[in-house]
Amino acid sequence: MTTSRPRIVRTPLFPTYSEVSALLKVFQHYRKAQVLSLIKALHNQVGTVKNNVDWSNPDQWINEKLQGDDRQLATDIWQQSQRKVNPRHIYGAYLFIAGFDLLDNHSNGLWQLTAAGEGFLKNQPDIIRQLDEAEGLPQLLAILATCSPARRGDLLEEWSEFLLENSNYKTPSTFKDTLSRRLGNLVERGYVSREGNSYSITSKGVDYAAPQGIQRTPAAHHSVANAVKAYNDTQMAALRSQLESMDPYRFEALIKDLLEAMDYENVEVTKQSGDKGVDVTANFQFGITEIKEVVQVKRHRGNLGRPVLDQLRGVLPLHGALRGTIITIGGFAKGCKDVALFPGAAPITLIDGDKLIELLVKHNVAVKQKKLTLIEIDDSYFLDEPETSLTE
């Protein structure tokens, strides 16, 4: 007889824990049937491509589309969550709550908190850890720890392999969705930081990624993850130092290489004089339209002010450009971001030192990314009893 391995990562539409907490506080004053009634009432009004339904403003649609208990429950969810949980999108949290028995039926017919539900609301470490492990969150952190910072696409292959082994998910679309939603959960809780499309594991995340309950591996796993993060942090600091000491013209060539890696075309470094503040010009395909963009490069450690931005915007017509970009190793003074995208004015993209390093890593310019493989024993394999045939 063979014992099947437990299936984990089972909750679709995986929610954030702040959403779960808010709904637990509301649901315990309602019957489970009332919650399902609201979910069904909203699902039946999903709309069509030609007749799309706008669910962005619950203050408006709750009274228009719901009646009776459905309206009251939706109102309680919206108001008691401080207008953070949209009642239209509670199905994933409902599945999580029901799947892990955080609420149970009381003798009076209402849902009531179970011991697990109370532990969740109190943020008890043992309860939260059990839920996280049941949904693959520590494993996802362990994957991210070996290649941080990374885009979702960088994590997808290893995450997909994990799902094929440990869940009932089998399609590329579900691999992507489960990854995206769990990363969102981890970002909210501070285990992962996000900058644009790039995700990085935090020190808190490294600590949490170590397996629990298997006594032989946590220390080693934690040591490796910490070592990888420390090494990457050192390399990022060294990269910034290299950028700060580069010859200005070599730095412009670096930006040219970066733009080409980002699929810009006809990238050219301008002459060292007479460029009117423009260092690099390039074309970018925006839909069916090709747009010319000019770039000003500042190998400057401090903050750049608005005059630099105004100067670049003023020379766009001289180059036939519709937009501009300023790239600096340092940062930008307060207020520059608002002026950069001022209504009616040509847009200016601002790339500071942190964003520049992120882009260099993302597009493998001036860096080399090496994949690290960690081998761990599959303990569940040894729990299986092999099938045997008895012969007389």
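For clarity, every value in this text was computed on a predicted model and none was experimentally measured.
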Hey, are E195 and S200 close enough side-chain-wise for a donor-acceptor pair under 3.5 Å?
no
Flag yes if more than 12 heavy atoms outside R181 fall under 6.0 Å of its CZ atom; otherwise flag no.
yes
For a side chain to side chain contact (heavy atoms under 4.5 Å, CB included) check, start with the C-alpha distance between L155 and L183, then their side-chain angles and the critical distance, and finish with the verdict.
CA-CA 11 Å; L155 307 172; L183 282 172; 4.2 Å; yes
If you measure only the distance, is there a donor-acceptor pair under 3.5 Å linking the side chains of W78 and D59?
yes
Between the side chain of N185 and the main-chain N/O of P15, is any donor-acceptor distance below 3.5 Å?
yes
For V278, is there any backbone N or O sitting under 3.5 Å from a side-chain donor or acceptor partner on T270?
yes
Donor-acceptor pair, distance only, cut-off 3.5 Å: does the side chain of K292 make one with the backbone of H319?
yes
Just by distance, do the side chain of R129 and the backbone of P125 share a donor-acceptor pair under 3.5 Å?
no
Show which side-chain atoms of residues 254-263 pair as donor or acceptor with protein atoms under 3.5 Å away, not counting sequence neighbours.
residue	atom	partner	partner atom	Å
K256	NZ	E260	OE2	2.8

Report the C-alpha distance between Y208 and R189 in whole Å, list the side-chain angles of each, state the deciding distance to 0.1 Å, and finish with yes or no for side chain to side chain contact (heavy atoms under 4.5 Å, CB included).
CA-CA 11 Å; Y208 200 66; R189 297 160 63 193; 4.1 Å; yes
Under 3.5 Å, is there a donor-acceptor pair between the side chain of R71 and the main chain of N63?
yes
Show every donor-acceptor pair shorter than 3.5 Å between a side-chain atom in residues 85-104 and any protein atom, with sequence neighbours excluded, or say none if there are none.
residue	atom	partner	partner atom	Å
N86	OD1	R88	N	2.9
N86	ND2	W55	O	2.8

Donor-acceptor check, side chain of R313 to backbone of A340, threshold 3.5 angstrom: yes or no?
yes
